[in-house]
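Only this structure's heavy atoms are used, side chains among them; waters, hydrogens and symmetry mates stay out. These figures come from a predicted structure and were not determined experimentally.
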Number of protein chains: 2
Amino acid sequence: MSAAALFAPLAPRNREDAARPAPAELPTMYSAGAEIYAQGDRADRLYRVAFGAVRVYRLLADGRRQICAFYLPGEVFGFEVDGRHHFFAEAACASGIAAIRQVSSDEASREHLESALRSLVRAQEHLLVVGRQNALERIAAFLVDMAERQGDLAQFDLPMSRSDIGDYLGLTIETVSRVFSKLRAQGVIRLLGIRSVEMAKPGVLRALCE
Amino acid sequence: MSAAALFAPLAPRNREDAARPAPAELPTMYSAGAEIYAQGDRADRLYRVAFGAVRVYRLLADGRRQICAFYLPGEVFGFEVDGRHHFFAEAACASGIAAIRQVSSDEASREHLESALRSLVRAQEHLLVVGRQNALERIAAFLVDMAERQGDLAQFDLPMSRSDIGDYLGLTIETVSRVFSKLRAQGVIRLLGIRSVEMAKPGVLRALCE
DNA sequence: ACTGAAGATTGACACGCATCAACGCCTCCG
DNA sequence: CGGAGGCGTTGATGCGTGTCAATCTTCAGT
């Protein structure tokens, strides 16, 4: 039994796919804001980010939004139980995303289990940030996380808007903006562009996360 | 952990056995507050709650605590990546917990993957509560969740302290207590005991969660 | 049953962040 | 080139929840 058993049988997307036994996973282009799947959709495949970034979120009835996770190049998302998506997924910026066909080899199954567990650990760690840290600590944790996931370089990109960052951290865009300004004023970060950050004092940032 | 729980032979399983919550492993007793595993411990097995409740949490350097999840009877926990526990797990009240040997059979791994994915969805939904709902909504969501996971009866138990509830919802015990009092004053719930609740107006509670 | 400690409740007050509002900057497109 | 609209920044103000403190309740141990 493989991970594929958890998902509904994969319907061929077109005649070509059905005819090809081992299709190459070519990324599909998504422009910023484009929907990848919606809450309630059938969950019959996984996705791997080739470039760009994906936001996975949920909405309350009155429109409040919580982004549960961002997925960056190389990362896999789309796991669900019971064959239905419980969340929305959209490209946070222009992105390339490859659909992964559910394969039945043990190796692929193990790999997907590992990806799912990594998402679980990440979600639980995110809970600590959102549930118990203040605005400054949340932004610091977010910046450190983004840097680490992009090779841990001093300079890195924020492939999403301030609004996305706020909805990821449980803050408003105004608070996000104020904290960025404060960190910049203190020389902890430099903003090379609206979406490009340089960690001037990584030690300070890391200390803020505790 | 008793030797019996560690080395109890796995009964051969068929499809129906896997679906049934009753495990072949014998549960070990844990008193309230007893540690099941700690951050940094080797993660070499899973656990299934027989009775009682488990809290899985993480700490900040200054002692702030975030409970990522509660596990109730029948539920499986202990998933990790890279063979190390990233969290602490303790009995939230007197509990019986069975260790599950990591087996490589396809059937067991399928079952575990499903449990892991269920934990993932639950954690992501919990993020919405903690990140975007106010104190009243959080408590309402918590009560509805607890009721549903205990058979969706009007009356149910809270197998954890107010402090645990606060650390699960990202609130202080004072706020938790105040919201309970408010719901009781409005006739939405009745407190049959300090840890026993009756949903007098389930519709109101569900509406609060949106 | 008595006693002490831990947990829970309630009140007063403070503060961090949300809200509301104004403005600047950039991009798109006529 | 100019206007419009989206996004980001900054300021003023209010509210919800944290903090501190006092009291009450529950429960375990003697």
Atom-to-atom span, [atom1] of [X] to [atom2] of [N] - whole angstrom:
| X | N | atom1 | atom2 | value |
| --- | --- | --- | --- | --- |
| B:E137 | C:dA18 | CD | P | 15 Å |
| A:D164 | D:dG6 | CG | P | 16 Å |
| B:R132 | D:dT17 | CZ | P | 14 Å |
| A:D167 | D:dG8 | CG | P | 12 Å |

Next on the checklist: Here's a test of your reading of the structure: between A:M160 and B:R138, which maps to the more 5' nucleotide of DNA chain D?
Outcome noted: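 So the residue in question is A:M160.
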Checklist entry - Where each residue is assigned the nucleotide of DNA chain D containing its nearest heavy atom, which of A:R184 and B:L171 is assigned the position nearer the 5′ end? => result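 The residue closer to the strand's 5' end, by nearest nucleotide, is A:R184.
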Closest to the [X] side chain: [options]?
| X | options | result |
| --- | --- | --- |
| B:R178 | C:dT9, D:dG8, C:dG11 | C:dG11 |
| A:I173 | D:dG11, C:dG11, D:dT9 | D:dT9 |
| A:N134 | D:dG18, C:dC17, D:dT9 | C:dC17 |
| A:E174 | C:dA8, D:dA21, D:dG11 | D:dG11 |

Checklist entry - Between A:Y57 and A:F88, what is the ring plane arrangement, given parallel below 30°, perpendicular above 60°, and tilted in between? => result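 Answer is parallel, since the angle falls under 30°.
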Checklist entry - Aromatic rings A:Y47 and A:H85: how do their planes relate, parallel, tilted or perpendicular, breaks at 30° and 60°? => result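 Tilted: the ring planes of A:Y47 and A:H85 meet at 30° to 60°.
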Strictly below 4.0 Å: does [X] bring a side-chain N or O up to OP1 or OP2 of [N]?
| X | N | result |
| --- | --- | --- |
| B:T175 | D:dT17 | no |
| A:S181 | D:dT10 | yes |
| B:T172 | D:dG18 | yes |
| A:R162 | D:dT9 | yes |

Next on the checklist: Test your reading of the model: is there a side-chain donor-acceptor pair from A:R138 to the backbone of A:Q133, 3.5 Å cut-off?
Outcome noted: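 Side chain of A:R138 to backbone of A:Q133: a pair is present.
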Next on the checklist: Taking B:R58's backbone N and O only, do any of them form a donor-acceptor pair with B:Q39's side chain (distance below 3.5 Å, no angle check)?
Outcome noted: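 Judged by distance alone, no pair lies under 3.5 Å.
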Checklist entry - Should B:E210 and B:R132 be marked as a side chain to side chain contact (heavy atoms under 4.5 Å, CB included) after you check the CA-CA gap, both sets of side-chain angles, and the distance that decides it? => result CA-CA 12 Å; B:E210 277 164 295; B:R132 283 297 174 213; over 6 Å; no
Next on the checklist: Need one value for B:G193: base, sugar-phosphate or nothing, where a base atom within 4.0 Å counts as base even if backbone is also close, heavy atoms only.
Outcome noted: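 Result for B:G193 = nothing.
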Checklist entry - Hey, does B:G166 reach any base, or is it just sugar-phosphate, or nothing, if we go heavy atoms under 4.0 Å? => result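 Result for B:G166 = nothing.
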